[in-house]
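Letters A, B, ... mirror the listed sequences (proteins, then strands); counts begin at 1.
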Protein chains: 2
Amino acid sequence: MISSKEVAKEAGVSQSTVSRVLNNSDKVSKENVAKVTEAMRKLNYRPNAIARSLVSKRSKTIALISGPLHNPFFVETTSSIVNYAKERGYNTNVFFENNGDNMTVYETVLSMQVDGIILSSVFMDDPILKELQASQIPYVMFNRKHNEGGNFVEINNYEAGKMAANHLYQLGHENFGFIGGPMYTSTFYGRYLGFTEGIAEQTMETGKVFLNETDTSEEAIADAIFKMMGRKNRPTAVFAATDAIAITAMDTLLELGYRIPQDISICGVDNVRMARHHAFELTTIGAQSNKNLGRLGIEHLINSIEAGKENMSPIQVTLEPALYQRKTTGPIKPGSV
Amino acid sequence: MISSKEVAKEAGVSQSTVSRVLNNSDKVSKENVAKVTEAMRKLNYRPNAIARSLVSKRSKTIALISGPLHNPFFVETTSSIVNYAKERGYNTNVFFENNGDNMTVYETVLSMQVDGIILSSVFMDDPILKELQASQIPYVMFNRKHNEGGNFVEINNYEAGKMAANHLYQLGHENFGFIGGPMYTSTFYGRYLGFTEGIAEQTMETGKVFLNETDTSEEAIADAIFKMMGRKNRPTAVFAATDAIAITAMDTLLELGYRIPQDISICGVDNVRMARHHAFELTTIGAQSNKNLGRLGIEHLINSIEAGKENMSPIQVTLEPALYQRKTTGPIKPGSV
DNA sequence: AGTTACCATGAATACGTATTCAGCAGGAGT
DNA sequence: ACTCCTGCTGAATACGTATTCATGGTAACT
């Protein structure tokens, strides 16, 4: 590997001068700029980003700790985050959550000297938050939120649940199912709470919602469907806490021969791009924003990084959701199966 | 940030000893290991990965230059690559192709001192290959291949095209459409060539395939559908060069009111997970392997890295494809629309 | 006891770049 | 002629870690 020292020798100047040329310092004479540039070209020199980071203490790298890509929501956020970061001159080191071994990922990331961290897979009482705050590294959580606050960008999950409840109730349904993920995450917890409370308000009864708490794997969701559809008072309307869950659930329902929405209504959350596909036309609830949560998060994060430690203001954004009514929800059609 | 020097002072030893403890050297007495470990804990010390990389000349980081995530194929490969790399102890720096400004990405990556590069978005005559070979950095291309060879993992694209041709011809179709991407990439070129030659062999005629060369954007694919379906002899069978294209095409076709496969058959390539969904049941052609191309590529790449420069053997893998017949292809049903 | 061998340790150095600091040359001003 | 600036430059140093090298001490063996 060619170093700036070798470039210096080739150009007949000092390494300092090479470094100054590299950083577009104006304190270099035109002749030397020319000589150095030529030497760089001749030797095919590439500055060593690692060495630059060591001394400058900025790596121009951010870490993304994301939920898994089999959830299209995270596909969209990952794409937005990586691309936007690149636009702003940052590289992105990506990690995907893997059933709870997040601590080792956190350790790695904190060692890496990244300039910032954006993460989605946080539990409501995750110990990571204290670590993050202690580390002094700028960070933002998107999608999920921590009990203690911190920096986050989310949607109003409780409200999303309520909207689903109102929508499904107004269609005339009486038995409801909920399929979600772990309740120690703010998204699933908030959506469940909003949904059950919404249903209770409408029906003036509690216990009308059959809860399925899964690990969001395909198998677990399929199991939830089996269990739910085998019940005596089986639900005619299902609220899936994410579009990913809704889409997986639809797969199983279609396989079992149910028609949607004639036999069963299904409503998701996230308003993922795929939900608009004519093969789905999934009714869903999502933020009223043309930027997804990842994109909003990364913008805040980079602004935060570039503002410097002293000017870092807290980031706390909660977007109000809206209902996107499409074709997977409808009135009950009794006796159709 | 706490440095190893400060840990050394706290523990009453030299920085060398701290470093040795960090690297599990066996040449440290038990007492010193204990003292150092305790000091690390007390000061909440985290080794500086940047500094370690500078001296060790290994960053434990690989770069992934991937096609865009709106293509589910790349969703699956990205997921596999990042997760497998992590298992092997590598972090992944991710970049997504953005309409051809790849050169700036390459520059960044070559500066970054990554231990290896895995890339999918290579043109058949891409200048990057020479740069890669000159840089001495281990690399592997997956999905697409370069004219000059190099290290790659691909499927037999020509054969995939031929299989599609045979399948659609045997269903009785006579007018065919092809929707692909830029012909200067090996995938689209190979699949197109195989398809047209296959059709020509079967029909004993040339010119039976209506070619749509798009930039793979949703708009371009929709336009291709409009154009194709407006023709006098409009195709009754379409070969989409990727599942991503097939799925987007289906969206437009469904929107226009066509039934699949009664009005039009469609066959993709890649055998993406989503193709199996009961809302699609897309007939497609893919490798007969339980590991996707990204996963195969990253395995080879990391093996290559760890074998060392001297033992690096060329990687040239071409997987034979198979037909996965599902429900988007069928016999022609004349007069149905 | 004397020699050898080995082990654990610290001092010094290297990795490649950015930056501080001092110095030098030359021009402007008196 | 002398001082004062200004504008460039190179030497030296720092960043945090790994590693080499030399050393002092101790155990093993004659």
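For the 3.5 Å distance criterion, the side chains of A:Thr318 and A:Glu154 qualify, holding a donor opposite an acceptor. Side-chain atoms of B:Arg295 and B:Asn290 include no donor-acceptor pair closer than 3.5 Å.
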(Q) For nucleotides 6-18 of chain D, give me one character per nucleotide, 5' to 3': B if any protein heavy atom sits under 4.0 Å from the base, S if the only such contacts are to the sugar-phosphate, - if neither. (A) --SBBBB--BBBB
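Within the 4.5 Å cutoff, no side-chain heavy atoms of A:Leu293 are placed close to those of A:Phe152. Inter-residue side-chain proximity for A:Arg88 and A:Glu306 is flagged as met; some heavy-atom pair is nearer than 4.5 Å.
Between the side chain of B:Asp270 and the backbone N or O of B:Phe73 there is no donor-acceptor pair closer than 3.5 Å.
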